[in-house]
Amino acid sequence: MASVAAATCPTMKGNLRHKSTPQMAVRPSAWIKQRRQATASRRQQRQWLLPPPAAAASSGGSAEEVEYKDSLTDLMFIALCRVAYGRLAGWQSPRSWMDGPETFKGMVEVSRALMRGRSAAQQRDAVIQGFPQVPDWFRRLFPYSKWGAELNARITPAFFTWLVGPMATAAAEVDGGVVQRSSVKIQRCRYLAESGCTAMCVNLCKAPTQTFFTEQLGMPLTMTPNFEDYSCEMVFGKRPPPLSEDPVATQPCLAVCSTAVASGGRCHKLD
């Protein structure tokens with residue numbers, strides 16, 4: 001694993017009881033304080049923080065940490081994605097399925113296994129095959145519209161925070177020079193930060209997702225990841241350039257990637 005999530009598990013505060021003081025002798029105010037500390041500690045145990053981006057850390061700068069809280073629904077979505085990738089890879093990670101950071105790491109490990117022995121094109125095709133096939137009548141019945149693009153931008157944060165982390169809608173210029181609120185700005189992509197891999201971002205997320213929305217759903221989508229701070233922008237209504245002409249095509253390996261090649265050129269797993 002290239003970028004490992006750090007689980008924060010603060011130590012519980014010391015018990016207020018002392019050998020010389022019976023439990024019932026504790027003052028009410030002290031007991032209330034103890035209970036508040038215990039509750040806060042339990043909440044923190046269910047939270048975890050990813051380390052700051054490697055680029056910011058190596059340059060001596062600081063990066064805002066993003067806090068993730070996985071609900072049971074989030075765990076379910078992570079599990080479904082993990083199972084789907086596992087079937088394609090023919091392997092499954094032994095990590096826990098119920099612990100948020102652990103099961104997310106497991107999903108990333110399975111994603112990495114999916115890449116082994118496959119070219120970049122084969123990786124992208126494998127993921128695309130996992131998407132549902134959209135019939136032609138759907139595109140005829142629901143052609144592209146500004147309303148549809150803005151609707152996609154509004155609902156994306158509700159369904160994909162478990163995968164990429166906090167995000168917000170914003171205005172952006174789309175095809176034809178039109179400005180509309182169909183942009184989704186991801187603060188710090190959880191998947192990219194955890195994998196620390198350029199090719200996993202491009203081959204298993206960006207390219208397949210753009211293809212599915214643009215070609216299958218008839219909803220043009222351009223995704224622009226930032227490999228320095230792990231943020232990303234999704235713009236519905238903006239047709240993506242051919243992958244060979246996309247700036248990500250020349251993106252080198254990330255320094256934190258476990259399989260990085262320090263050649264100074266493009267990531268070797270983009271081929």
Side-chain angles (χ1 to χ4, degrees), residues 73-74 76-89 107 111 114-115 118-186 189-192 199-225 231-249 270:
T73 302
D74 294 333
M76 180 188 71
F77 279 119
I78 295 172
L80 289 173
C81 187
R82 181 173 164 180
V83 168
Y85 275 2
R87 288 174 179 168
L88 293 171
M107 185 190 72
S111 302
L114 171 61
M115 300 175 71
R118 290 183 171 93
S119 66
Q122 290 172 332
Q123 294 167 29
R124 296 192 294 268
D125 289 343
V127 175
I128 291 173
Q129 290 174 6
F131 285 116
Q133 294 298 309
V134 180
D136 292 338
W137 62 260
F138 180 89
R139 291 185 291 275
R140 292 195 297 268
L141 187 61
F142 301 102
Y144 171 78
S145 66
K146 174 184 175 182
W147 177 86
E150 292 183 332
L151 177 63
N152 272 279
R154 286 198 297 270
I155 66 177
T156 295
F159 290 97
F160 293 100
T161 298
W162 62 272
L163 178 62
V164 298
M167 56 188 123
T169 57
E173 183 175 320
V174 300
D175 295 344
V178 178
V179 176
Q180 58 192 33
R181 291 192 63 82
S182 61
S183 167
V184 177
K185 294 189 175 181
I186 300 168
C189 179
R190 183 181 186 181
Y191 187 70
L192 176 57
M200 288 180 70
C201 168
V202 176
N203 296 339
L204 304 185
C205 182
K206 171 183 163 66
T209 304
Q210 287 183 165
T211 298
F212 175 71
F213 274 88
T214 303
E215 299 180 7
Q216 290 287 321
L217 293 178
M219 173 59 67
L221 170 64
T222 296
M223 299 175 66
T224 308
S231 64
C232 183
E233 182 178 21
M234 305 172 67
V235 181
F236 294 96
K238 184 176 181 180
R239 186 168 294 276
L243 196 57
S244 60
E245 300 175 13
D246 194 301
V248 300
L270 291 176

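Sequence positions, counted from 1, serve as the residue numbers for this chain.
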### Query
Going through the checks in order, is the side-chain contact (heavy atoms from CB on, under 4.5 Å) test met by Val134 and Phe212?
CA-CA 9 Å; Val134 180; Phe212 175 71; 4.0 Å; yes
[X] side, atom [atom1]; [Y] side, atom [atom2] - distance, nearest 0.5 Å:
X: Thr169; Y: Leu151; atom1: OG1; atom2: CG; answer: 11.5 Å
X: Leu217; Y: Asn152; atom1: CG; atom2: CG; answer: 7.5 Å
X: Met234; Y: Lys206; atom1: CE; atom2: NZ; answer: 10.5 Å

Quick one: does [X]'s side chain get under 4.5 Å of [Y]'s, heavy atoms only?
X: Val164; Y: Cys232; value: no
X: Met167; Y: Phe160; value: yes
X: Leu204; Y: Tyr191; value: yes
X: Leu243; Y: Val202; value: yes
X: Pro225; Y: Val248; value: yes
X: Leu163; Y: Met107; value: yes

Can you tell me if [X] uses its side chain to pair, donor with acceptor, with the backbone of [Y] under 3.5 Å?
X: Thr161; Y: Pro166; result: no
X: Thr222; Y: Lys238; result: yes
X: Arg190; Y: Trp162; result: yes
X: Ser182; Y: Phe236; result: yes
X: Gln210; Y: Met223; result: yes

Compare every heavy atom of [Y] with every heavy atom of [X], then report the nearest pair and how far apart it is.
X: Gly218; Y: Arg139; answer: N-CD, 3.9 Å
X: Ala171; Y: Val179; answer: CB-CG1, 4.2 Å
X: Leu270; Y: Ala249; answer: CD1-O, 4.0 Å
X: Met115; Y: Ala199; answer: CE-CB, 3.6 Å
X: Pro208; Y: Cys205; answer: CD-O, 3.4 Å
X: Leu88; Y: Ala126; answer: CD1-O, 3.5 Å

### Task
Kindly indicate, with the supporting measurements, whether the criterion side-chain contact (heavy atoms from CB on, under 4.5 Å) is fulfilled by Arg118 and Asn203.
CA-CA 11 Å; Arg118 290 183 171 93; Asn203 296 339; over 6 Å; no
### Query
Is there any salt bridge (Lys or Arg N to Asp or Glu O under 4.0 Å) pair reaching into residues 164-184, and which pairs are they, with sequence neighbours excluded?
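The answer is none; no pair qualifies.
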### Query
Would Thr211 and Phe131 count as a side-chain contact (heavy atoms from CB on, under 4.5 Å) if you check the C-alpha gap in whole Å, the side-chain angles of each, and the deciding distance to 0.1 Å?
CA-CA 10 Å; Thr211 298; Phe131 285 116; over 6 Å; no
### Task
Tell me, please, which residues at least two apart from Asp74 pass side chain to side chain donor-acceptor pair (under 3.5 Å).
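Applying side chain to side chain donor-acceptor pair (under 3.5 Å) to Asp74 gives Ser71.
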### Message
Arg239 vs Thr214, test: side-chain contact (heavy atoms from CB on, under 4.5 Å). Steps then yes/no.
### Response
CA-CA 7 Å; Arg239 186 168 294 276; Thr214 303; 3.2 Å; yes
